[in-house]
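One structure is given below, encoded as structure tokens.
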Amino acid sequence: MSKLLYREDAFCEKWATEIDDTYEKDGLYFVSLKETAFYPGGGGQPADSGTIADLEVKAVESKDGVPYYGLETSIKGRVECRIDWDHRFDLMQQHTGQHLLSAAFRLVLDRQTIGFHLGQEAVTIDLPGDKLTEAELQLTEQKVNELIYDNRMISSYCVTAAQLAELPVVKQPSVTEDVRIVEIDGVEYNPCGGTHVSSTGQIGLIKIIKTEKQKQGQRIYFQCGKRALETTSNMFSIVEKAADQFQTNSQEVLDRIQKQAADLQAALKRAEELEGRLEALELQELIQTETPFVVRSYEGKNIKALQRMAAKLLEADKKFVILTDTAERKLVMTHKLNDFHSGNLFRTSLSEFGGKGGGSAQLAQASFQQIKDLERYVKFLQDHYRSIV
């Protein structure tokens, strides 16, 4: 068995040891160490990264309860090992922060944590019950950061079954002997095998980012330490840039954005009204033409507008209608001909013109990569119409 140094000292960054065992798998050479400070992963916390004999640890797996580390080169004997400390300390901040935030939700709202995930970007806990209000989230965030300011000591130790029975642990572990307890002074006793900072002050900061509904309750997204600092710094930068754009101060940015959104909605509504009037005039012009065959090209009409106009032209007793939008290279065709299937024609002919599409017997649509292909297909449809009438 490897001696697990990370259990004794989570701040052990480098050490020398002996290669204990090795095997080859999937192009990597897996080694076990007589002493290891690499956390192998588990309990929601990812594995550490780092080097063994200056070789990057590419993978970690367990064999008979012993952690093995995958390297690209076979090595033996005595080796120097080093942990990627920035990565390790980040994980320690996030994991300890999760303990403290879960404790705050229990203390403030009597909500128990039922799930935890620590990823490279997101850290989440799952809570049961109804949706938390903004006020409840703010109270909890205030409480957890007060516990950070208190700089409470954090210690870890193993207990027997008898000792475990005397502790008010957060949750009962699956084993009863040699259980490792992480204690936050005056806050909680938590069975946990991960790595943690030595005092709550080293977490630095905890910021709740957002909440998300889940089947059993809701998911809380949060960040701790350096991650939280970087995120809040980025947010302040964005707000300041927005303030500069609106030529105002950061306190008035939200009001300006809301006003701009309202103005935009009003402008869009007015544009839709004008587009409707223009479409009515365009339809009137097309309906008044004597020919039953209509071909017209537009720029800036979406596919729904083309379909709507085509349907109204059929209602006005046009027999064959081809409408296109050159900006998006879209085409709609509809008709009132007997024994003619639009969709079948499109399916058998579009590939020759670099187009994609299909449709029903009466209505079909297509899109093209090149405007010249769209124009060639319009001519093809015109020729086809003339050949069948």
Side-chain angles (χ1 to χ4, degrees), residues 4-14 36-50 57 60 82-108 113 115-127 137-138 140-157 170 180-211 219-236:
L4 306 180
L5 300 177
Y6 62 83
R7 287 196 168 191
E8 301 173 2
D9 179 11
F11 286 80
C12 177
E13 182 178 352
K14 56 184 178 179
T36 179
F38 290 115
Y39 182 67
Q45 179 177 332
D48 285 327
S49 57
V57 175
V60 181
R82 182 182 293 273
I83 285 175
D84 179 345
W85 184 248
D86 287 342
H87 178 62
R88 156 67 80 82
F89 192 68
D90 170 65
L91 296 178
M92 289 167 64
Q93 285 187 315
Q94 309 311 314
H95 195 165
T96 314
Q98 176 267 312
H99 282 227
L100 203 62
L101 183 59
S102 292
F105 274 113
R106 290 195 308 272
L107 293 171
V108 176
T113 294
F116 164 53
H117 170 74
L118 201 173
Q120 292 299 322
E121 299 294 334
V123 190
T124 65
I125 56 174
D126 294 338
L127 303 177
L137 291 170
Q138 289 177 359
T140 305
E141 187 176 83
Q142 180 179 347
K143 177 63 177 178
V144 75
N145 282 287
E146 286 174 355
L147 293 173
I148 290 175
Y149 308 151
D150 289 344
N151 199 27
R152 295 172 182 249
M153 297 306 297
I154 300 171
S155 57
S156 61
Y157 45 84
V170 172
R180 185 169 181 265
I181 299 295
V182 174
E183 178 186 349
I184 302 177
D185 184 38
V187 178
E188 69 171 21
Y189 299 85
N190 201 331
C192 182
T195 58
H196 302 82
V197 296
S198 59
S199 68
T200 59
Q202 290 178 334
I203 299 171
L205 167 70
I206 294 180
K207 180 62 184 173
I208 296 174
I209 306 298
K210 66 175 183 177
T211 64
R219 178 160 293 168
I220 312 297
Y221 288 79
F222 66 98
Q223 290 181 335
C224 309
K226 187 178 179 181
R227 291 195 197 185
L229 178 61
E230 289 176 349
T231 295
T232 52
S233 295
N234 288 337
M235 288 180 176
F236 274 114

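- The side chain to side chain contact (heavy atoms under 4.5 Å, CB included) search around Tyr157 returns Ser155, Val159, Ile181, Glu183, Tyr189, not counting sequence neighbours.
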Residues Arg106, Glu188; criterion side-chain contact (heavy atoms from CB on, under 4.5 Å); working and verdict: CA-CA 10 Å; Arg106 290 195 308 272; Glu188 69 171 21; 2.6 Å; yes

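- By the 4.5 Å heavy-atom criterion applied to side chains, Ile154 and Asp185 are not counted as neighbours.
- Partners of Lys143 under the salt bridge (charged side-chain N to carboxylate O under 4.0 Å, His left out) rule, at least two apart in sequence or in another chain, do not exist in this structure.
- Residues meeting the side chain to side chain donor-acceptor pair (under 3.5 Å) test with Thr231, sequence neighbours left out: Gln223.
- Tyr6 and Pro40 make their closest contact through OH-CD, 3.5 Å (heavy atoms, listed as atom of the first residue, atom of the second, distance).
- For Gln202, the side chain to side chain donor-acceptor pair (under 3.5 Å) partners are Ser198, not counting sequence neighbours.
- Taking each heavy atom of Ala47 and Val60 in turn, the nearest pair found is CB-CG2, 4.2 Å.
- For the atom pair OG1 (Thr140) and CD1 (Ile220), the distance works out to 8.5 Å, reported to the nearest 0.5 Å.
- For Arg7, there are no salt bridge (charged side-chain N to carboxylate O under 4.0 Å, His left out) partners two or more places apart in sequence or in a different chain.
- The ring pair (Phe, Tyr, Trp, His ring centres under 6.0 Å) search around Phe222 returns none, not counting sequence neighbours.
- Under the salt bridge (charged side-chain N to carboxylate O under 4.0 Å, His left out) criterion, Asp90 pairs with Arg227, sequence neighbours left out.
- Residues Ile148 and Asn145 meet the side-chain proximity criterion, which asks for heavy atoms closer than 4.5 Å.
- Side-chain atoms of Phe89 and Lys226, non-hydrogen and from C-beta on, never get closer than 4.5 Å to each other.
- Applying the side chain to side chain contact (heavy atoms under 4.5 Å, CB included) test to Asp150 and every residue at least two apart in sequence or in another chain returns Leu147, Arg152.
- For the side chain to side chain donor-acceptor pair (under 3.5 Å) test, residues two or more places apart in sequence or in another chain that qualify with His196 are His99.
- Heavy-atom minimum distance, Leu5 versus Cys12: CD1-SG, 4.4 Å.
- In this structure, the side chains of Lys14 and Trp85 stay at 4.5 Å or more apart for every pair of heavy atoms.
- Separating the CG atom in Leu101 from the SG atom in Cys224 is a distance of 7.0 Å, to the nearest 0.5 Å.
- Side chains of Thr200 and Tyr149 form no contact here, defined as non-hydrogen atoms less than 4.5 Å apart.
- Under the side chain to side chain contact (heavy atoms under 4.5 Å, CB included) criterion, Asp48 pairs with Phe38, Tyr39, Ile83, Arg88, Leu91, not counting sequence neighbours.
- Of all heavy-atom pairs between Thr195 and Ala10, the closest is CB-CB, 4.2 Å.
- Leu137 places a side-chain heavy atom less than 4.5 Å from the side chain of Phe105.
- Within the model, atoms CG of Leu229 and NZ of Lys207 stand 13.0 Å from one another, a figure rounded to the nearest 0.5 Å.
- Interatomic distance, Ile209 CD1 to Glu141 CD, rounded to the nearest 0.5 Å: 8.0 Å.
- Of the possible donor and acceptor atoms, none in the side chain of Ser102 sits under 3.5 Å from a partner among the backbone N and O of Thr113.
- Remark: Ser156 pairs with Arg180 by the side chain to side chain donor-acceptor pair (under 3.5 Å) rule, at least two apart or across chains.
- Checked against side chain to side chain contact (heavy atoms under 4.5 Å, CB included), Lys210 has the following partners two or more places apart in sequence or in another chain: Glu212, Tyr221.
- The two residues Ala228 and Leu205 have their closest heavy-atom pair at CB-CD2, 3.8 Å.
- His95 NE2 to Cys192 SG: the interatomic distance, rounded to the nearest 0.5 Å, is 3.5 Å.
- The line from CG of Asp84 to CD of Glu13 is 9.0 Å long, rounded to the nearest 0.5 Å.
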